[in-house]
Engineer: 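Supplied in structure tokens, the structure appears directly below.
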Number of protein chains: 2
Amino acid sequence: MPELPAAADQSHLEDSDHSQCQSILQLLDRVGDKWTILLVGTLADGPVSYNTIMRDIGGVSHRMLISTLRGLERDGIVERRALATAPSNVEYELSPLGRSLIGPLEEVMKWIRKNQQLIESARSVFDAEANPKLM
Amino acid sequence: MPELPAAADQSHLEDSDHSQCQSILQLLDRVGDKWTILLVGTLADGPVSYNTIMRDIGGVSHRMLISTLRGLERDGIVERRALATAPSNVEYELSPLGRSLIGPLEEVMKWIRKNQQLIESARSVFDAEANPKLM
DNA sequence: CCGGATCCGGCTAGATACTG
DNA sequence: CAGTATCTAGCCGGATCCGG
């Protein structure tokens, strides 16, 4: 079983403050992950089948989608249900825990959509100042 | 100028839907970034000097801190002010745009702190079910 | 003290091919 | 269709040295 999250790498065990911190950093990686945020967004409205997800999220590879879903399932954020239909089909949906994540992440998405233009122009200005000659 | 964000890799230019999407994905990486989230948190209370940041955030390397700060400065989220003191000193603070990010990210941090235990036990359960023999 | 540049090992994630 | 396994290139990030 390769490729599951890799969990605990802390070699020399550390005092509780540090391991507490480690755990938070780990969760930041999970929750802040690009695909996690997008995935929670597409699952927010109810159960969705695998290929629908694949279609809805542009630019995610098969491999990344599967492994992100596994990770979220492991963390108790999504639930997986295999339907016994003729062409095999699988549905994913948010658990209650996962649904409680919608609010916070939706805030972040709203912020991004609202400030997208602003940030892009800030980048242009910054790049121009840093490299006036190249413009 | 190595190592700045790398901005635009899209070779064959794409229709506006796709480039729009690309831009959002990019911002997700910036905003969802572990160090970004922690950094906005420590800058939330006002201007902070470089070494204070370094001390406050455990486990960040010099290189990552500098490059994250550069990226955030480029995006107009933090402002950098070099003080003309004897041992040179630099302060960073959130721009108005950066301050508007505090709310959304604070929501995420609250969610993490609240559900940390829950997630860890979900992981244990999942791992036990997946590998009953190894337990 | 701040921060840029370089080197380099390890991990990430895409492509691909194979199972049920 | 859903999922797994293998191979591989490219990036990320830590260590380190230098220069302001």
Side-chain angles (χ1 to χ4, degrees), chain A residues 1-11 25-26 28-30 32-36 38-39 47-74 78-93 126 130-131, chain B residues 1-7 9-11 22 25-26 28-30 32-36 38-39 47-74 78-93 126 130-131:
Chain A
M1 179 183 303
E3 187 99 18
L4 266 191
D9 271 85
Q10 55 263 54
S11 23
L25 289 193
Q26 224 180 94
L28 271 176
D29 272 340
R30 152 84 41 238
D33 179 75
K34 174 164 60 173
W35 305 126
T36 295
L38 257 18
L39 221 36
V48 185
S49 74
Y50 175 83
N51 12 359
T52 306
I53 300 174
M54 194 64 173
R55 238 178 301 110
D56 277 16
I57 303 185
V60 63
S61 71
H62 178 54
R63 188 180 189 279
M64 279 314 291
L65 183 51
I66 291 285
S67 83
T68 304
L69 284 167
R70 276 294 155 281
L72 291 172
E73 192 190 351
R74 185 173 108 108
V78 309
E79 283 161 10
R80 176 182 176 282
R81 178 176 10 272
L83 307 178
T85 55
S88 80
N89 197 7
V90 180
E91 272 187 359
Y92 290 91
E93 74 178 316
F126 185 90
N131 266 332
Chain B
M1 180 184 302
E3 188 99 17
L4 265 193
D9 271 87
Q10 54 262 55
S11 24
Q22 282 304 102
L25 290 192
Q26 223 180 92
L28 272 176
D29 273 339
R30 150 89 35 240
D33 179 76
K34 173 164 62 174
W35 304 126
T36 295
L38 257 19
L39 222 37
V48 186
S49 75
Y50 175 81
N51 9 359
T52 306
I53 300 175
M54 194 66 171
R55 239 179 300 111
D56 276 17
I57 303 184
V60 63
S61 71
H62 175 55
R63 187 182 191 276
M64 281 313 292
L65 182 51
I66 289 287
S67 82
T68 303
L69 284 168
R70 276 293 153 281
L72 290 172
E73 192 189 352
R74 185 174 109 107
V78 309
E79 285 161 8
R80 176 181 178 282
R81 177 175 13 269
L83 307 179
T85 55
S88 81
N89 196 10
V90 181
E91 272 187 357
Y92 291 91
E93 75 177 317
F126 185 91
N131 267 332

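Just so we're on the same page: letters track the sequence lines, and every chain starts at 1. All values below were derived from every heavy atom in this structure, side-chain atoms included, with hydrogens, water molecules and symmetry-related copies excluded.
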Engineer: For B:Thr68 and B:Thr36, indicate whether the former's side chain and the latter's backbone hold a donor-acceptor pair under 3.5 Å.
Structural biologist: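 No; zero donor-acceptor contacts below 3.5 Å.
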Engineer: Rounded off to whole Å, could you give me the NZ-to-C1' distance for the A:Lys34 and D:dC11 pair?
Structural biologist: 13 Å
Engineer: Report yes or no: does B:Asn51 contribute a side-chain atom to a donor-acceptor pair with the main-chain N or O of B:Met54 at less than 3.5 Å?
Structural biologist: no
Engineer: A side-chain contact here means heavy atoms from C-beta on lying under 4.5 Å apart; do A:Leu39 and A:Val78 qualify?
Structural biologist: no
Engineer: Just how far, in rounded Å, is C1' of C:dC2 from CG of B:Leu65?
Structural biologist: 11 Å
Engineer: Rounding to an integer number of Å, can you tell me how far B:Glu91 CD sits from C:dG3 C1'?
Structural biologist: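 The answer, rounded to whole Å, is 17 Å.
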Engineer: Starting from P on D:dA5, measure out to CD1 on A:Ile66 and report it in whole angstrom.
Structural biologist: 12 Å
Engineer: Rounded to whole Å, please give me the gap between CG in B:Asn89 and P in C:dC2.
Structural biologist: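 The answer, rounded to whole Å, is 5 Å.
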Engineer: Find the bend of the helix from C:dC1-D:dG20 to C:dG20-D:dC1 as the angle between its two terminal axes (five pairs each), to the nearest 10°.
Structural biologist: 40°
Engineer: Can you name the ring pair (Phe, Tyr, Trp, His ring centres under 6.0 Å) partners of A:Tyr92, sequence neighbours left out?
Structural biologist: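 For A:Tyr92 there are no ring pair (Phe, Tyr, Trp, His ring centres under 6.0 Å) partners, ignoring immediate neighbours.
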Engineer: Starting at CZ of B:Arg55 and ending at C1' of C:dC2, how long is that distance when rounded to a whole Å?
Structural biologist: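 Computing the B:Arg55:CZ to C:dC2:C1' distance gives 15 Å.
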Engineer: Please determine whether a side-chain nitrogen or oxygen atom of A:Arg80 lies at a distance below 4.0 Å from atom OP1 or OP2 of D:dG3.
Structural biologist: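 Yes.
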Engineer: Is there a side-chain contact (heavy atoms from CB on, under 4.5 Å) between A:Glu79 and A:Glu73? Walk through the geometry before answering.
Structural biologist: CA-CA 6 Å; A:Glu79 283 161 10; A:Glu73 192 190 351; over 6 Å; no
Engineer: Using modelled atom types and a 3.5 Å cut-off, is there a donor and acceptor pairing between side-chain atoms of A:Thr85 and backbone atoms of A:Ser88?
Structural biologist: no
Engineer: Report yes if some heavy atom in the side chain of B:Arg80 is under 4.5 Å from a heavy atom in the side chain of B:Val90; otherwise report no.
Structural biologist: yes
Engineer: Could you grab the distance from atom NZ of A:Lys34 to atom CG of B:Asp33, nearest 0.5 Å is fine?
Structural biologist: 12.0 Å
Engineer: Distances for protein N/O vs nucleotides 14-19 of chain C N/O pairs under 3.5 angstrom?
Structural biologist:
from	atom 1	to	atom 2	distance (Å)
C:dG14	OP2	A:Ser61	OG	2.6
C:dG14	O6	A:Arg63	NE	3.3

Engineer: Taking the nucleotide of DNA chain C with the closest heavy atom to each, which residue, B:Asn51 or A:Ser88, is nearer the 5' end?
Structural biologist: B:Asn51
Engineer: Taking the side chain as every heavy atom from C-beta outward, state whether B:Glu91 and B:Leu83 have any pair of such atoms under 4.5 Å apart.
Structural biologist: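 Yes - at least one pair of side-chain heavy atoms lies under 4.5 Å apart.
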Engineer: Measure the distance from CZ on B:Arg70 to C1' on D:dG13 and round it to the nearest whole Å.
Structural biologist: 17 Å
Engineer: Whole Å only: how far is the CE atom of B:Met54 from the C1' atom of C:dG3?
Structural biologist: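 Distance, rounded to whole Å: 11 Å.
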